[in-house]
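Contents: one structure, followed by commentary.
Since this is a predicted model, take the numbers as computed values, not measurements. Convention: sequence-line order gives letters A, B, ...; per-chain numbering from 1.
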2 protein chains.
Amino acid sequence: MKHTAEFLRERGIQPSQQRIAIYEALASTKAHPSADLIHGALAPGMPTLSRTTVYSTLELLVERGLAQRLALTGSELRYDADVSPHLHFRCRACGSVSDLPGQAPSPPELPAGYLAERVQLYAEGLCPACSAGLRS
Amino acid sequence: MKHTAEFLRERGIQPSQQRIAIYEALASTKAHPSADLIHGALAPGMPTLSRTTVYSTLELLVERGLAQRLALTGSELRYDADVSPHLHFRCRACGSVSDLPGQAPSPPELPAGYLAERVQLYAEGLCPACSAGLRS
DNA sequence: TTAAATGCAAATAATTTGCAGCATA
DNA sequence: TATGCTGCAAATTATTTGCATTTAA
């Protein structure tokens, strides 16, 4: 898409076919996908796309402020193209990660000397679908 | 230590030599160590202690509410024997994780249907030592 | 004596690295 | 043409699993 190419170029990222596809895949979902999920989603249409490229592109997006990286489990990184401060909820039953509506947390006062570059708040528990399942 | 043994037993954990040592190692540090770090710290005095035991004991402590698990980077889990709600700060330069003084943020209002079991807030940036280093 | 805890080794999963080929400014 | 992007394969790191042995109620 022409639009995405410009968008990337404006932020100092050389737009390649792969980078455009990866950014669009990330931006068009609310699922907070991992690198592997994005690779799996794009692979059918881009058979030669390598995981390496997906990993490095996602890191590049984070560096340039176009995505945020979420470390919610110890075992995989998830990404979100929505970089506005907002809350995440991870369901321990189904593993889904969702955005929570409502206001972002007020960043806490930090003691002198600390330079916070980003603040993340997340809650873990059961999502509506899974907690409903338990009751039935 | 006799004291720790009782403490564990009261929470339904069979106190073994290994479990006592692991819990004491975790409780006596503010470093938010990973399983491997704890293993490394105890290994000199307990040459047969296996990583497997450290991993499973830490998970047991989390289940029983005696420790919390921190997923701050995508690549490793860190543990904290302080289970009171408090803030964590991770320095992106030196990788250290520290507790932040001050009260934890009030848990946000969750939409109906969500059952939050734990809420974590953490900030990432530069710690006092590392930000001082940049200035000099 | 019997169930639970431990420890070794091998397996797994996500991610990173080295390097050669390719594409594009 | 020269720089940077891509992709394969191999390496690395944290963690988990299978299973036999040991420990302790």
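Atoms CG (A:Leu60) and C1' (D:dG4) sit 12 Å apart, rounded to a whole Å. Taking atom CD of residue B:Glu63 and atom C1' of nucleotide C:dA5, one finds them 15 Å apart after rounding to whole Å. Protein atom CD of B:Gln18 is 14 Å distant from nucleotide atom P of D:dT22, rounded to whole Å. The distance from atom CZ of A:Arg78 to atom P of C:dT15 is 10 Å, rounded to the nearest whole Å. Between the CD atom of A:Glu76 and the P atom of D:dA14 there is a distance of 17 Å, rounded to whole Å. Distance A:His39 NE2 to C:dT15 C1': 13 Å, rounded to the nearest Å. We find that CD1 of B:Ile13 is positioned 17 Å from P of D:dA24, with the value rounded to whole Å. Atoms OH (A:Tyr55) and P (C:dG18) sit 17 Å apart, rounded to a whole Å.
The nucleotide whose nearest atom lies closest to any side-chain atom of A:Thr52 is, among D:dA14, D:dA9, C:dG7, D:dA9. Checking C:dT6, D:dC8, D:dT15 against every side-chain atom of B:Thr53, the shortest atom distance belongs to C:dT6.
The CG atom of A:Leu60 sits 4.0 Å away from atom CD1 of A:Ile13, with the distance rounded to the nearest 0.5 Å.
B:Thr53 and B:Gln18 share no donor-acceptor pair across their side chains, judged by distance under 3.5 Å alone.
Between B:Gln17 and D:dT23 there is no side-chain N or O to OP1 or OP2 distance below 4.0 Å. Contact check, A:Thr48 against D:dG7: a side-chain N or O comes under 4.0 Å of OP1 or OP2. Residue B:Arg19 places at least one side-chain N or O closer than 4.0 Å to OP1 or OP2 of C:dA5.
The pair B:Glu124-A:Arg118 meets the salt-bridge criterion, with a side-chain N (NZ, NE, NH1 or NH2) lying under 4.0 Å from an Asp/Glu carboxylate O.
One hydrophobic cluster holds both B:Leu61 and B:Leu77 under the rule that ILVMFWY side chains link at heavy-atom gaps under 4.5 Å.
Both B:Gln14 and B:Ala35 sit near DNA chain D, but only B:Ala35 has its closest nucleotide nearer the 5' end. Looking at which nucleotide of DNA chain C each of B:Gly74 and B:Pro47 is closest to, the 5′-most match is held by B:Pro47.
Of the candidates B:Arg64, B:Arg19, B:Arg69, B:Arg69 is the only one forming a salt bridge (charged side-chain N to carboxylate O under 4.0 Å, His left out) with B:Glu59.
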